[in-house]
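Structure first, commentary second.
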Amino acid sequence: MARAIPSLPRKFSLIFPVSLLCASILAGCGVGPVATSVSGHISVSGIVHGGQQPVTGSSIMLFTAGTGGNGSIAHSMLVAPRSTNSIGYFDITSDYTCTHPNDQVYIVSAGGDSGSGTPNNALVMIDALGTCSNLLTSGYYITINEITTVAAAYALAPFMTSYDHVGASATNATGLANAFLNAHLLADPESGQIPTLAANQTVESQKLLALADVIAPCVNSDGTTGCSALFSAATPSGGSAPTDSLTAALNIVKHPANNVTAVFNCINAKAPFATTQRNPPNDWTMSLTVTAHSLFSPTALSIDSAGNVWVVGQNTAAGNVYPNGIMHAFSPQGIPFSSTGYGIGTLYDSFGVTVDPNGNVWVPNWDNFPHNGTTGSLSIFTGSNNATPGAIIFASIFDNSLDYPQGIAADALGNIFIGDYGNSTATIYKDNATFISGGLAFGASAFPTFVAADGSGGFWMANSGDNTITHVASGGATFQPACCAQTYGVAVDSSGNAWTANYGSNSVSEVSSTGTIVLNSVTGGGVVSPSAVTVDAGNNIWLTNYRATHTNGTISELAGNSNTLPAGTGISPVFVSATVPGGYGLDAKLVIPNAIRPDASGNLWIANDGGNDVVMFFGLATPTATPLLGLPKAP
């Protein structure tokens, strides 16, 4: 029976000048480098629980995340050992220095006794606290438990290898800060419980609680036989068995399809967290689903340098007061910028969106119902780096070459490439809206659907009509290999090779930068009717499966050219049948998933066309610089 927790001092504050503070942890704030160090008096107190039991004699460690790269060594902030008392309480009060107010802080509990009578050397739990300057929240203490541990594992997976190796490159402060904020979507760092989210946000909370219950028997034991089932189930194929509860959680979230049932079966009769997850999930991925007013049939998305997500829809719902398309922008945590969206009365049937090097947002209008007699246009909006994001720069740019423009991509040179579905041509603009060229033809029945910049001033086109893809070099030279089948998506890896989503053959192809077919119609990884493809900075290949089952879609992962596996090898589960479709994410209820993009926190964002929402998967990918302006690269 759990012991009642006595009234404790409620302290949790980091004292900095008011000018350094942001209004709210979840609201986000600037995370750029700060030139001067800032000293402050830090007072942190709280409780460590294994399930509902206090953990006594546990070592408490406070860290700031490292800056030497993903998984780099973290920096200890404590000058003397600290531990929990007989009721699991700890109090840290001393003078420390946050090198920058933007340093990301987390706290660790290691070892201790949660009721077995013997210290548990396998007990390691964590709570992701966040940006130093955001932690001035007086009157509260924090909780470290299995829920905060699982939440941190999901959100920080791309940046963590162990409790003392959490870090990112110095150039990816934004991605790391957003990852810490994302951990707060899954666990309140103060209460240690699932937080109450905004009305438009939904996470797989029952799966999260189930995974907390999975590691609880190990935490609430002496660390020997109580952990053996967990450590066995959490051992990745060909990898080493974990030796502590945090590493076990990390292995599970990094290999979400590994031993799914065995992991679930680690839950015992004394499970401390009430969950409705009565059966094993399809996998251990974790998703955030976000909605917005009038967002209907989202088809494309692009991510800007701050991690904000710009989404466009084909049109709005029948009978809606808005007669055509609307664009929405979401914060990295899925909060809409606007209650109504942008481009009302301007956008119509938009299948593409891109952010240019200046941060402005470009949207092609497939046709122009409000402007009868035209076959498409371009609209340009200010981005999040503007005082009024979403303001119209150009409502409708027309020219004779635009013919049902669909795909669009920007590169770092300021080129804007547009695929014209109607006449199987391409159009090029500069990011100052200057027309460069149009009518670049490559077959009357190509019908291009997607565009990807090649990083060298040229671009690739995915052709849905003639089983080809097209490359147009910066000098205008064109080649068009027949590699694919009804290709809806194309993406470029760090070597400049193109990867395709072959909807018509349930497969993926790879074509070199010179036009040589490297892999032709490769299947595996649960690829079924793929509608889009993207490549992250680790050269992992990600696809959305438009209709993996009769009702739901999934995402697939394949090895790219920098992986330890041969390129094209399926990493996600294989397709078996419509009831066992393979891939990841079936629990997220994807419906006709379309565009897919990684962000600088290692999350994957998906335009969920049939669900009228946007879905983000926590920490599955390698952190990737945004916006995508050619080849994928580390932030």
side-chain hydrogen bond (donor to acceptor under 3.5 Å, both in side chains) with [X]: which residues, sequence neighbours excluded?
| X | result |
| --- | --- |
| N502 | T487, T500, S507, S509 |
| T299 | none |
| D609 | S297, N594 |
| S601 | none |

Sort and list the pairs that fulfil ring-ring contact (aromatic ring centres under 6.0 Å, His included) and have at least one residue in residues 487-532, not counting sequence neighbours.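 Applying ring-ring contact (aromatic ring centres under 6.0 Å, His included) to every pair that reaches into residues 487-532, excluding sequence neighbours, yields Y488-Y503, Y503-Y546.
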Of L558, V533, I555, V522, which is the lone residue that meets side chain to side chain contact (heavy atoms under 4.5 Å, CB included) with V527? L558
Flag the pair [X] / [Y] as yes when at least one side-chain heavy-atom distance between them is below 4.5 Å, and no otherwise.
| X | Y | answer |
| --- | --- | --- |
| V518 | V511 | no |
| N463 | Q480 | yes |
| I606 | V614 | no |

Just jot down the side chain to side chain contact (heavy atoms under 4.5 Å, CB included) partners of [X], sequence neighbours excluded, or say none.
| X | result |
| --- | --- |
| N467 | A485 |
| N432 | K430, T434 |
| L565 | A559, N563, T569, I571 |
| V591 | N552, N608 |

Polar contact flag, side-chain donor to acceptor under 3.5 angstrom, N545-S556: yes
Taking the six-membered ring for Trp, are Y421 and F447 closer than 6.0 Å centroid to centroid? yes
In chain order, what residues pass the ring pair (Phe, Tyr, Trp, His ring centres under 6.0 Å) check against F180, with sequence neighbours excluded?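 Per chain and number, F180 pairs via ring pair (Phe, Tyr, Trp, His ring centres under 6.0 Å) with no residue.
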Suppose we screen for ring pair (Phe, Tyr, Trp, His ring centres under 6.0 Å). Which residues come up paired with F394, at least two apart in sequence or across chains? none
Return a table of donor-acceptor pairs under 3.5 angstrom between the side chains of residues 618-635 and protein atoms on other chains or two or more places apart.
unit_1: T622; atom_1: OG1; unit_2: N540; atom_2: ND2; d: 3.2
unit_1: T624; atom_1: OG1; unit_2: A537; atom_2: N; d: 2.9
unit_1: T624; atom_1: OG1; unit_2: T622; atom_2: O; d: 2.8
unit_1: T626; atom_1: OG1; unit_2: D304; atom_2: O; d: 2.7

